[in-house]
Amino acid sequence: MACHRWLCISLLLLLLLSLASQSCHALHSFGFDIHHRFSDPVKEILGVHDLPDKGTRQYYVAMAHRDRIFRGRRLAAGYHSPLTFIPSNETYQIEAFGFLHFANVSVGTPPLSFLVALDTGSDLFWLPCNCTKCVHGIGLSNGEKIAFNIYDLKGSSTSQPVLCNSSLCELQRQCPSSDTICPYEVNYLSNGTSTTGFLVEDVLHLITDDDKTKDADTRITFGCGQVQTGAFLDGAAPNGLFGLGMSNESVPSILAKEGLTSNSFSMCFGSDGLGRITFGDNSSLVQGKTPFNLRALHPTYNITVTQIIVGEKVDDLEFHAIFDSGTSFTYLNDPAYKQITNSFNSEIKLQRHSTSSSNELPFEYCYELSPNQTVELSINLTMKGGDNYLVTDPIVTVSGEGINLLCLGVLKSNNVNIIGQNFMTGYRIVFDRENMILGWRESNCYDDELSTLPINRSNTPAISPAIAVNPEARSSQSNNPVLSPNLSFKIKPTSAFMMALFVLLAIF
């Protein structure tokens, strides 16, 4: 498969084209691919070639900073075919917009295309909409400007506001009456970051993702984001956010409630930055699995680890962790952090790198690597239930500036344990909310076969929404900024995580 060619074509369509509307079919499931935001094809399309290269010190410091400010997230009978977004099943992990996976989503009549961030740590799907404060486009390094689509309630013939009597209206207490438009407000734990507006219902354009491609449009409820603040003006979800959390207002929950899919989805993380997400994908007969630890309040994709195996060293230790697609690295608290790092340090036969105050890396455990030297050291997590989760990509290499290092891609957490994207690389991760299990199977994300089960219309959990945490806000002098490259990467000795990550920031 010519992934770079298709990535370029899809991203170009994503930024420049509006898509034709499609007719409606039901009883299907959904899927699409994901890419990394610092990948060469994405940089080529965006005209941004001077972003941090993968493997350099700036790259990993930027990713760790991105994690730190995203991590606190508050957290029909019959068989059906997988479904995907129009125009294709590809999605993107566009690093210039923060370390999240992005998809090209087509909404409304006539359809408009939006570059939305995909996030398992938040719930509400929202788009910039008739906004007084939002990002209106990106500035390329060659001086060109590409405008983002902005949703217009009056511009879509299939749109209608959601009233306060809807079961998805969380702010009913703020409604003067049941027949008024339902407002929404999501405040983020990061300084000054929020989205506010009102709820809207419109057509989400979908197609089946199988040999018999058919249109499968559906009506979906989302937030008409009139005012975005903080990090949303600095490049974090600049054109909308696609919530994949457990609440009733998340997209997977709505699709399951409408009988379009079973209450499950999967995400695949390829080693080359590509991936895919599939709605209605329950499980595979050949996969590892472990149950979710569901909390009635603020539920997350939380699992239990019972054992850490590093190389030949086996340590029994039980701790909880959240599988979060919006976090680039893995973050562990003590005693889990101490145990995995001590085991790694005792098993690795390399000289420990002494960090310098002027060149501090985000990783604590780094080692000197000779030119052309390679090291393999396996890390296994034994999950509750006994299945093993082999981490295929636990090590990161850092080169440039006269260094060549091997680092353990685990950082110390100050609160919750998070299994980040680097520990998910090489797997199709199944978030099976119908059976309340997390599943995993090794995959390259290209030729993975899907497994879909009968739809259960009555099995959507009634749980309250989780709150998302997003990057720290920066002040803006305009309500309608356009983002453009900012190439300053200064690392401070005591606050490497606070380095300005967002490399796209400018004002019209």
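A quick note: this is a predicted structure, and the numbers were derived from the prediction, not measured.
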Checklist entry - How far apart are the C-alpha atoms of Thr158 and Asp202, what are their side-chain angles, what is the distance that settles it, and do they pass the side-chain hydrogen bond (donor to acceptor under 3.5 Å, both in side chains) test? => result CA-CA 6 Å; Thr158 49; Asp202 206 341; 2.4 Å; yes
Checklist outcome for this item: Nearest heavy-atom contact between Ser325 and Phe269 is CB-CZ, 4.0 Å
Checklist entry - Are any side-chain N or O atoms of Asn130 and backbone N or O atoms of Cys224, one a donor and one an acceptor, separated by less than 3.5 Å? => result no
Checklist entry - Are Val107 and Leu127 side-chain neighbours, meaning at least one heavy-atom pair lies under 4.5 Å? => result yes
Next on the checklist: Side chains of Ser157 and Thr109: any donor to acceptor distance under 3.5 Å?
Outcome noted: no
Item to check | Polar side-chain atom of Asn149 near backbone of Phe114 as donor-acceptor pair, under 3.5 Å | outcome: no
Item to check | Side chain Arg433, main chain Phe265, donor-acceptor under 3.5 Å | outcome: no
Checklist entry - Between Cys366 and Leu405, which heavy-atom pair has the shortest distance, and what is it? => result CB-CD1, 4.3 Å
Checklist outcome for this item: On a heavy-atom basis, the closest approach of Asp123 and Met246 is OD1-N, 3.1 Å
Checklist entry - Could you give the distance from OG (Ser266) to CZ (Phe431), rounded to the nearest 0.5 Å? => result 9.0 Å
Next on the checklist: Test your reading of the model: is there a side-chain donor-acceptor pair from Asp281 to the backbone of Val430, 3.5 Å cut-off?
Outcome noted: no
Next on the checklist: Quick one, Thr425 with Thr392, criterion side-chain hydrogen bond (donor to acceptor under 3.5 Å, both in side chains). Give me CA distance, side-chain angles, the key distance, then yes/no.
Outcome noted: CA-CA 7 Å; Thr425 299; Thr392 64; 5.8 Å; no
Checklist entry - Between Ser166 (side chain) and Leu163 (backbone), is there a donor-acceptor pair under 3.5 Å? => result no
Checklist entry - Where does the angle between the aromatic ring planes of Phe125 and Phe222 fall among parallel (under 30°), tilted (30 to 60°) and perpendicular (over 60°)? => result tilted
Item to check | Non-hydrogen atoms of Glu170 and Cys182 that approach each other most closely | outcome: N-SG, 4.4 Å
Next on the checklist: Suppose we call two aromatic rings close when their centres sit under 6.0 Å apart. Are Trp126 and Phe232 close by that rule?
Outcome noted: yes
Item to check | Derivation of the side-chain hydrogen bond (donor to acceptor under 3.5 Å, both in side chains) call for Gln228 and Thr195 | outcome: CA-CA 5 Å; Gln228 274 65 253; Thr195 175; 2.6 Å; yes
